[in-house]
Amino acid sequence: MEYCFNCGSFPCATLNHLDKRYRTKYGMSVIDNLESIRKFGIRHFIRSEKEKWICPRCGEVVCVHKSQCVFCQHRWR
Ligand SMILES: [Zn+2]
């Protein structure tokens, strides 16, 4: 599998633009995620993301694009 950090232009203008939008709108960084994958590996990243994206109220998976759980309507932003 190839990642953006395998590219000599990482982080390129397109990725920086996307990262800025996600930092601002959703409170997460795609560049930080890629750096984490590069540093610790994809398995570690997936484990940490699983914990991060679980609704604290109902335990269902939440969506990064929403500020409310679609299952129980719990709000976190
Ligand atoms: Zn929920």
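Values below: every heavy atom of this structure, side chains too, minus hydrogens, waters and symmetry copies. Counting starts at 1 for both ligands and their atoms, following the listed order.
Classification of the F40-H44 ring pair by plane angle, with boundaries at 30° and 60°, yields tilted.
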ring-ring contact (aromatic ring centres under 6.0 Å, His included) between Y22 and H65, intermediate numbers included: CA-CA 9 Å; Y22 269 70; H65 300 118; 5.6 Å; yes
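Protein atoms of type N, O or S found under 2.8 Å from the Zn ion (ligand 1) total 4.
A distance-only check finds no donor-acceptor pair linking the side chain of S36 to the backbone of D32 [under 3.5 Å].
Contact of the F10 side chain with the L34 side chain is registered, since non-hydrogen atoms from C-beta on lie closer than 4.5 Å.
Tracing side-chain contacts under 4.5 Å through hydrophobic residues (I, L, V, M, F, W, Y), one reaches M28 starting from I46; they form part of the same cluster.
Applying the side-chain contact (heavy atoms from CB on, under 4.5 Å) test to C58 and every residue at least two apart in sequence or in another chain returns C55, E60, C69, F71, C72.
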